[in-house]
Protein chains: 2
Amino acid sequence: MNIQQNIRVAVDAIVFGYSRRQLHVLLIRQKFGLLKDRWALVGGFVQDHEPLSEAVQRELREEAGISVDYLEQLYTFGDDVHRDPRMRVVSVAYFALVHTEKYQLIADSDAEDARWFPIDELPPLAFDHARIIQTAYRRLQGKLSYQPIGFDLLPEHFPFSDLENLYCTILNTEIDRRNFRKKMLSFGILEETEHSAIQKSGRPGKLFKFNSLKYNDLKEKGFVFEIKFA
Amino acid sequence: MNIQQNIRVAVDAIVFGYSRRQLHVLLIRQKFGLLKDRWALVGGFVQDHEPLSEAVQRELREEAGISVDYLEQLYTFGDDVHRDPRMRVVSVAYFALVHTEKYQLIADSDAEDARWFPIDELPPLAFDHARIIQTAYRRLQGKLSYQPIGFDLLPEHFPFSDLENLYCTILNTEIDRRNFRKKMLSFGILEETEHSAIQKSGRPGKLFKFNSLKYNDLKEKGFVFEIKFA
DNA sequence: TCAAAAGTGTTGAGTTTACACCCATGC
DNA sequence: GCATGGGTGTAAACTCAACACTTTTGA
């Protein structure tokens, strides 16, 4: 058993955040090499005895100083043999979401040259990272409708209008406010808190909280989260 | 840029076939090495300048002598550092479906020691292949409801009852025959042919044919295939 | 003529859509 | 008191679930 191979294994993370009514992606600046001054996804080579998912978490810590709230494997990019012009690299891409609070934290921290970019204002990207982000974006759009992952992009407590706006923005669609609220509340996975949002103008909305225990409980009993739009 | 790594990249294929009212998985027998006499998925190491998807197709050709009708990337297994006890191997698993005709062809061919096993009568498997098959099976179950992939498990022409039975078997559920047929036909992606099935007993059923052009056409216009059960 | 499987319609329940006005707050 | 955004109900259209008898064929 002496297979020789000259292929490297890397991981990349597409981290989404949501703030000021926009979906953002976390990018870092390449500091050296061929692609200096290009922006790229957080990522790097996997260590010999390191599980893939740990490699991603390590890179997120090292390069951007964050831990994420939701992480799942997205896709492995390895059909284009020259996606990295320097050598054959197969990259396992991960899809991640962070709560808005943490989002703020990183945006401030610039120990590393990391920044959030609105999804529709991305700078020129290294390698095939633009394509990877498109794949991740479609996954996010798809999942939003049948898994309660939108909550991982909001703070723990949020007004209903933020949730609604998140869906409108990411799915790029109009939603009937009344029907959306009715449906969302009918699941019984949101709790109304006593607090209200602080707003510039208009009537303050009550803050809600996603009850993940309740959700898991219902899910075990066969409940499926599903939200669609006209 | 001189990263040293001691990780191998492999691909594995989970090939599903459907025959005699049962879902089957294609396995091959390990002929040598540590796991002699164990059954395993078709798979092997990726060549240095070979795209991942080509590697799978090559392995399918070399080890089982088939080409498949549907192929998509499933998941990359690389969290368990010792999934292959000999060395660190990251395996990109692919999910494949073959039409029943081709299914027959392989079942006969035994140039390689390849066999079909009913999904619920699997022999002891090499490495983490049992787990990989479970993942693939869940993917199949999930996709059946919102993508017309069941047709890739049937011959080109099939009686309605075979389609219905395929759904029942794979999803492990009972289906109302009338409602199922009504829904399926309402999509307008099936064509009734003039031919009838040849049967041991009972009234022969008309043969149907999946019209993939029509499906792609409708899909572009926003149609979504979706079939659920009570 | 009997056994086996194919083919077919209707009704009630539940869900989804469309739609507009009043309410609380800050300035 | 006015501008801003929050909160709420109902009726019509549609979709889904439940359900049983007739038809065709071969033995």
Side-chain angles (χ1 to χ4, degrees), chain A residues 19-22 144-146 154-155 157-169 171 173-209 218 221-230, chain B residues 20-22 144-146 154-155 157-169 171 173-209 218 222-230:
Chain A
S19 177
R20 288 179 294 128
R21 314 209 139 191
Q22 278 192 301
L144 220 44
S145 301
Y146 64 92
L154 291 173
H157 300 269
F158 54 87
F160 220 93
S161 55
D162 278 14
L163 182 62
E164 188 198 318
N165 207 267
L166 185 148
Y167 272 83
C168 291
T169 308
L171 297 179
T173 185
E174 306 251 303
I175 298 176
D176 181 286
R177 228 156 36 93
R178 277 174 290 194
N179 292 339
F180 180 77
R181 174 187 260 253
K182 220 183 307 169
K183 187 77 190 282
M184 211 34 123
L185 289 176
S186 76
F187 297 144
I189 58 178
L190 290 185
E191 277 170 22
E192 188 173 332
T193 69
E194 301 129 35
H195 311 287
S196 294
I198 297 143
Q199 290 176 197
K200 316 154 234 306
S201 72
R203 172 175 174 178
K206 280 276 186 306
L207 294 179
F208 288 80
K209 184 173 184 279
L218 288 167
K221 290 175 189 143
F223 163 74
V224 277
F225 178 90
E226 182 166 29
I227 191 148
K228 298 235 181 114
F229 310 97
Chain B
R20 287 179 294 128
R21 316 210 139 190
Q22 277 194 303
L144 221 43
S145 301
Y146 64 92
L154 292 173
H157 300 268
F158 53 88
F160 219 93
S161 57
D162 277 13
L163 182 61
E164 186 198 319
N165 208 268
L166 185 149
Y167 273 82
C168 292
T169 309
L171 297 179
T173 183
E174 306 250 303
I175 297 179
D176 181 285
R177 231 158 33 91
R178 279 175 290 191
N179 292 340
F180 180 77
R181 174 186 259 254
K182 218 183 308 171
K183 188 76 191 283
M184 210 37 122
L185 289 176
S186 75
F187 296 144
I189 57 178
L190 290 185
E191 277 169 23
E192 188 172 330
T193 69
E194 301 129 35
H195 310 287
S196 294
I198 297 143
Q199 290 175 198
K200 314 152 239 303
S201 74
R203 172 176 175 177
K206 280 276 183 309
L207 293 179
F208 288 80
K209 184 174 182 284
L218 288 167
F223 163 76
V224 278
F225 178 91
E226 181 167 28
I227 192 148
K228 299 235 181 112
F229 310 97

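Every heavy atom of this structure was used, including side-chain atoms; hydrogens, water molecules and symmetry mates were not. Order of the sequence lines fixes the chain letters, A, B, ..., with proteins taken first and strands second; residue numbering starts at 1 for each chain.
Between H195(B) and H157(B), the ring-plane angle classifies as perpendicular under the 30° and 60° cut-offs.
Note that the first and last nucleotides of DNA chain C, 5' to 3', having any atom under 4.0 angstrom from a heavy atom of chain A are dT16(C) to dT25(C). Reading DNA chain D from its 5' end, the first and the last nucleotide to sit under 4.0 Å from a heavy atom of chain A are dT4(D) to dT10(D).
Residue D176(B) is the one, among D176(A) and D176(B), whose nearest nucleotide of DNA chain C lies closer to the 5' end (criterion: closest heavy atom). Between D162(B) and K182(B), the residue whose closest nucleotide on DNA chain C is further toward the 5' end is D162(B). Comparing K228(B) and K200(B) by the nucleotide of DNA chain D whose heavy atom lies nearest to each, the residue mapping closer to the 5' end is K228(B).
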Please tabulate, for the side chains in residues 161-169 of chain A, all donor-acceptor contacts under 3.5 angstrom to protein atoms that are two or more places apart in sequence or on a different chain.
| from | atom 1 | to | atom 2 | distance (Å) |
| --- | --- | --- | --- | --- |
| N165(A) | OD1 | Y18(A) | OH | 3.1 |
| N165(A) | OD1 | T169(A) | OG1 | 3.2 |
| Y167(A) | OH | L144(A) | O | 3.1 |
| T169(A) | OG1 | N165(A) | O | 2.6 |

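Taking N179(B) as the reference, K182(B) meet the side-chain hydrogen bond (donor to acceptor under 3.5 Å, both in side chains) condition, with sequence neighbours excluded. For Y146(A), the side-chain contact (heavy atoms from CB on, under 4.5 Å) partners two or more places apart in sequence, or in a different chain, are K143(A). The side-chain contact (heavy atoms from CB on, under 4.5 Å) check on S145(B) picks up L171(B), with sequence neighbours excluded. Take L185(A) and apply the side-chain contact (heavy atoms from CB on, under 4.5 Å) test, not counting sequence neighbours, and it matches F160(A), R181(A), L190(A), F208(A).
Taking every heavy atom of both residues into account, A197(A) and P204(A) meet most closely at O-CB, 3.3 Å. Shown here for S186(B) and K183(B), the closest heavy-atom pair between the two residues is OG-O, 2.6 Å.
For residues 184-209 of chain B, the salt bridge (Lys or Arg N to Asp or Glu O under 4.0 Å) pairs, not counting sequence neighbours, are E156(B)-K209(B). Note on residues 221-230 of chain A: pairs passing salt bridge (Lys or Arg N to Asp or Glu O under 4.0 Å), not counting sequence neighbours, are D217(A)-K221(A), E226(A)-K228(A), E226(A)-K228(B), K228(A)-E226(B).
Once rounded to the nearest 0.5 Å, the distance linking CZ of F187(A) with CG of L218(A) reads 10.5 Å.
Note on the helix from dA13(C)-dT15(D) to dC27(C)-dG1(D): angle between the axes of the first and last five pairs equals 20°, rounded to 10 degrees.
Taken residue by residue, residues 183-198 of chain B places heavy atoms nearer than 4.0 Å to DNA chain D at K183(B).
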